[in-house]
Each structure stands twice: as structure tokens, then as C-alpha cells.
Amino acid sequence: MYALVDGNNFYVSCERVFRPSLEGHPVVVLSNNDGCAIARSDEAKALGIKMGHPFFKIRKEFPNAGIIALSANFVLYGDMSSRMMGIAAALGPNQEIYSIDECFVGLDGVGGDLVRRAHAIRNRLQCWLGLPAGIGIGQTKTLAKLANHVAKSAVRKPGSYPEDLGYVCNLAGLPASDLDAVLAATPVGDIWGVGRKINKQLEEMGVTTALQLANLEPSLVRKRWSVVLERTVRELQGQPCIGLDDTPPDKQQIACTRSFGRRITDLPSLEEAVSLFASRAAEKLRKQDGVAAQVLVFIHTSPFSDGKQYANSATVRLLRPSSDTLRIAQGAVKGLRSIYKPGFDYAKAGVMLLDIGSAGVVQGELDLFADMEERTDLMSAIDGINAKFGRGSIRVASAGAGEQKREWQMRQELRTPRYTTNLADIPIARA
DNA sequence: TCTGGGGTCCTAGGACCC
DNA sequence: TCTGGGGTCCTAGGACCC
């Protein structure tokens, strides 16, 4: 038995905690560069604003709707998320943090009234953090996801489901016929694991509801699609196939990629950007105590522009696996130079670390490379200083030494303060 | 003017091995 | 007409997730 705890309109809700005046207004949170909507309040959804909708189009289409747009404040959301996960963990013995606003909780061995218990957690999230959340409970993770979906729909359209579910729905507590009714009322594309492509293929076969999907023969589904969809079918039938991942393994690849605030054409600016991305990626790598053997760098022009297009990537193998910012940045720049072509307007670049292993294993090797000794102390010192004084306090010279704003830096013109993580930004309450 | 970022898993096909 | 039979490993690409 699983529960899925999910923060409603998470980014918008985080913003509303510190700016209650946003309550009741259509609010959207924008992606990096204020590009498109990645979170919407209920009011914004009601207007018909879609996930991923470009902001410049939203402004054009809804000039008078009073939409409030905010730049994504990921530092705030990350901090609110960890507080939320701490509270949600009390629901059961095991927790899998599935995304910034969702976690699964294993309910094995949890006695008593699960719905009542879930409501208690929900109330805590609301009272202690000011975050609204929905909780779905089901026999499998896929059913818990569906239950959460049902709980939300029931709030939006009261009376359209078997009982008034509030923000909590326990599908495992329903009689089989009621579960079938819920499945029959759910479009197949709303099921976890059914994306756009498979949705279309299923519809072409006449499978449009979750109930129809649940009634397909698993072995046929495996043959026609894959084991992935087969698992979804079995999970809908109540047979658990996807376990709880409460100790996620270290990342196998680590990426840092960004679109630029402005197109850039010259190599030095690209080198600056790529060096910075490489440093960020190396930082993440060191956090999991890993080393990477390969560095991939890519650059491309904007697929949305009519101009000349160019996209390329290069993979550079390091002399030996490393988490050293300088070595990784050097590798990235070397790769960049091998693919850079002048005369294009570059819109995006990125660095990915591949072939990741554990640092301990490499250090166990013979120390034949005295001259290549890992600068682990230097790196810890850099990480420590950046943690204390803010990201970028120390950086590699090729990532740009000046204090001036880099011209390619992303736009974030509408960002709110870092209320919970920056002393200077802490809200002050006045009587 | 203006279209995100960061992941996972699975599969097919080729290279290579005995 | 016809050319073994397994394996493993690696990579690229596709699908999905939030």
C-alpha cells in the first residue's frame, strides 16, 4: 500500500506563503529566462493557461486577466520542499522523494484509519508551512498517483465522484465497482506512465479510458509496447510492480545546461558559460562523492528562430576520472573549441558529466600520478566558501572573473526574495 | 524582443568474443 | 536460394516523468 503526497500548484503555493496578496489571483511561475509557465495557480489554469506555454504568448492572449507572473525562485522552492518532505515522512515507515513537490510513502504495517492519518498530515502541511497538498492512497504506486489525481479533481468538481473526497482519496478503500467507475471516468492519458505518444497509439486502438487500459492483456501490451507499459497495466489491476525507491542510487549522469538570456556568437562568451556550467556540474558531482570519466559539452542555436541552425556536441575523456572543477572545466572548454563554429547565434549550451563512478574506488588505485594528484582539499575549500558566502564567490577564471553581469546570463526579472535561505531576505512581521 | 532544466529506463542494433 | 549459436558490452535514440 502506498500514499502519494503532492503539493498543489507547488511553486505558486510557495510564493503565496510569503505574499498572501497573491491569493485569489491568477499566478504563473516562469521557467528560467522567464520563458514559459511551469506552474499555475487554479485561477490561471481556469483561464486556460497551459503548462509550458510561452510567457510572451500568455501576455498577448490574456492582456487584461490580471495575471501575475513570477520568475522561478528555485532556492525558495527547494527549501520549502525539504520542509514538506520532513512532515510527509511521518505518514509511514518509508519515503521516496519523487520530485520537488511529490513523495511516495510506503504504508506497510501502518494500522488504523489511513484516511484520517492522511488528513492529519495534510493539516500539518497546511498549518506548519502554509502549503496545500493532496494525498492519494492505493494498492500500487500507479493507483496512489491516480488517487491523488482523483482527490484533486473531486475538490475542483465536488459531487462528481462517489464520495466527497476532500484532499485525500483512498482508492484501496473503495468497493471494486466504485474503483471501476473511477477508472472509467479517467482518460487514459492521465495515467502515470502514459505519455503523449502512447496515449495516441492507445486511442487509435479504441482504448481511451483507464479502465480499458487496465483490462488489456499484460502479455499483449508487452509485445505491442514494452515491459514499462505492461507494468502500468498490472499496477492498475492492483498488482504492485514498481517498488519504493527510498534510497535512490547516486546519479549516473549530472547535467548543467542553460538557455542564454541573449544569443551569443563569440567563443570567449561561450567558454565563460561552459566553464561556469562545468563548475556547477562538478559541484553536484562532489556532493555525491563521485568522479566522472567523461565530459560532454553541447551548443546549439535556437530551434525557434529562422536563422541558420547549428547544433553539435563533443565528448571528452578525462585523463582519469575526476571531480576537479579545473580539470572538468578544461575538458569542457576543449570540447567546446572542437565544435564551435563562428557565425551562428547560439541560444543554449550545456555540460554533462558521464561515466560516473565512486571517488573511493579511484583513490584506491596506485598513486602513479603524483603530478595529477586530486586537489580534493582545494575543492572542499571552494565548496565550503561558496556554501558560506554564496554560489560563485570563488570560481575558475575562465568562468569570468568580473563582477559585471554577464551578457548571456539568464533573465529573472520577476524573482521574489529568498525568504527562507538568505538572512537579508527574511520577512519581518509587524504588529 | 520573448519558447526550461534535469533526470530515468528500455530497446534495438552493432561490435566483438568464443 | 543455402553461410552456427550463443553471449556481452556499448551506444544512440525514444519514451516517460516533474
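Just so it is clear, the values below take in all heavy atoms, side chains as well, and ignore hydrogens, waters and symmetry mates. Just so it is clear: chains get the letters A, B, ... in the order the sequence lines come, proteins before strands, and each one is counted from 1.
Within the 4.0 Å cut-off from OP1 or OP2 of B:dC10, at least one side-chain nitrogen or oxygen of A:R231 is found. Residue A:S226 places no side-chain N or O under 4.0 Å from the OP1 or OP2 atom of B:dC9. For A:Q201 and C:dA15, the shortest distance from a side-chain N or O to OP1 or OP2 is not below 4.0 Å. A close approach under 4.0 Å does occur between a side-chain nitrogen or oxygen of A:R263 and OP1 or OP2 of B:dT3. Between A:T257 and B:dG6 there is a side-chain N or O to OP1 or OP2 distance below 4.0 Å.
Minimum atom distance to the side chain of A:K197 is reached by C:dA15, of the listed C:dA15, B:dG7, B:dC10. Across C:dA15, C:dC18, B:dG6, the shortest atom-to-atom separation from the side chain of A:I198 is found for C:dA15. The side chain of A:Y98 lies closest to C:dC18, out of B:dG5, B:dG7, C:dC18. Set against C:dC18, B:dG4, B:dT8, the side chain of A:W192 has C:dC18 as its closest nucleotide. Closest to the A:R59 side chain, of the nucleotides B:dT1, C:dC16, B:dG5, is B:dT1. Nearest nucleotide to the side chain of A:K57, out of B:dT3, C:dC18, B:dG6: B:dT3.
Although no hydrogens or angles enter the test, the distance criterion places a donor-acceptor pair under 3.5 Å between the side chain of A:Q212 and the main chain of A:T209. When atom types are taken as modelled, the side chain of A:K50 and the backbone of A:K45 share no donor-acceptor pair closer than 3.5 angstrom. A:S269 contributes no side-chain N or O that, together with a main-chain N or O of A:D266, makes up a donor-acceptor pair within less than 3.5 Å. A side-chain donor-acceptor contact under 3.5 Å links A:S275 to the backbone of A:E271. Distance alone, capped at 3.5 Å, places no donor-acceptor pair between the A:N312 side chain and the A:I339 backbone.
For A:Y346 and B:dT3, the OH to P distance is 18 Å, given to the nearest whole Å. Following rounding to the nearest Å, A:L229 (CG) and C:dC17 (P) show an atom-to-atom distance of 11 Å. One atom, CD1 of A:I97, and another, P of C:dC18, lie 16 Å apart when rounded to the nearest Å. Going from atom CG of A:N148 over to atom P of C:dC17 covers 15 Å, rounded to whole Å. Note: CZ (A:R411) to C1' (B:dT1) measures 8 Å, nearest angstrom. In this structure, CE of A:M352 is placed 13 Å from P of B:dG5, rounded to the nearest angstrom. When rounded to the nearest whole Å, the span between CZ of A:R222 and C1' of B:dC10 equals 11 Å.
Cation-pi geometry between A:R263 and A:F260 is not met at under 6.0 angstrom from the ring centre and within 45 degrees of the axis.
The residue among A:S302 and A:V228 whose nearest nucleotide of DNA chain B lies closer to the 5′ end is A:S302. Summary of the strand contacts: A:A255 and A:K60 both lie near DNA chain B, and taking for each the nucleotide with the nearest heavy atom, the more 5' one is attributed to A:K60.
Using a 4.0 Å heavy-atom criterion, one finds that A:Q253 contacts the bases of the nucleic acid, with or without backbone contacts as well. Using a 4.0 Å heavy-atom criterion, one finds that A:R262 contacts no nucleic acid atom at all. At the heavy-atom level, A:K145 lies under 4.0 Å from the strands shown only through sugar-phosphate atoms. Residue A:I100 is out of contact with every strand shown, counting any heavy-atom pair closer than 4.0 Å. Nucleic acid contact class of A:F55 (heavy atoms, under 4.0 Å, all strands): none. Heavy atoms of A:N33 sit nowhere under 4.0 angstrom from any nucleic acid atom. The residue A:W225 sits apart from the nucleic acid: no heavy atom pair falls under 4.0 Å. Within 4.0 Å (heavy atoms only), A:L30 reaches no atom of the nucleic acid at all.
Ring centroid separation for the pair A:W192 and A:Y2 does not come in under the 6.0 Å cut-off.
Between C:dC17 and B:dG4, the distance separating the two C1' atoms is 15 Å to the nearest Å.
The nucleotide B:dC18 finds its pairing partner in C:dG5, both defining distances of the Watson-Crick or G-U wobble pair being shorter than 3.5 Å.
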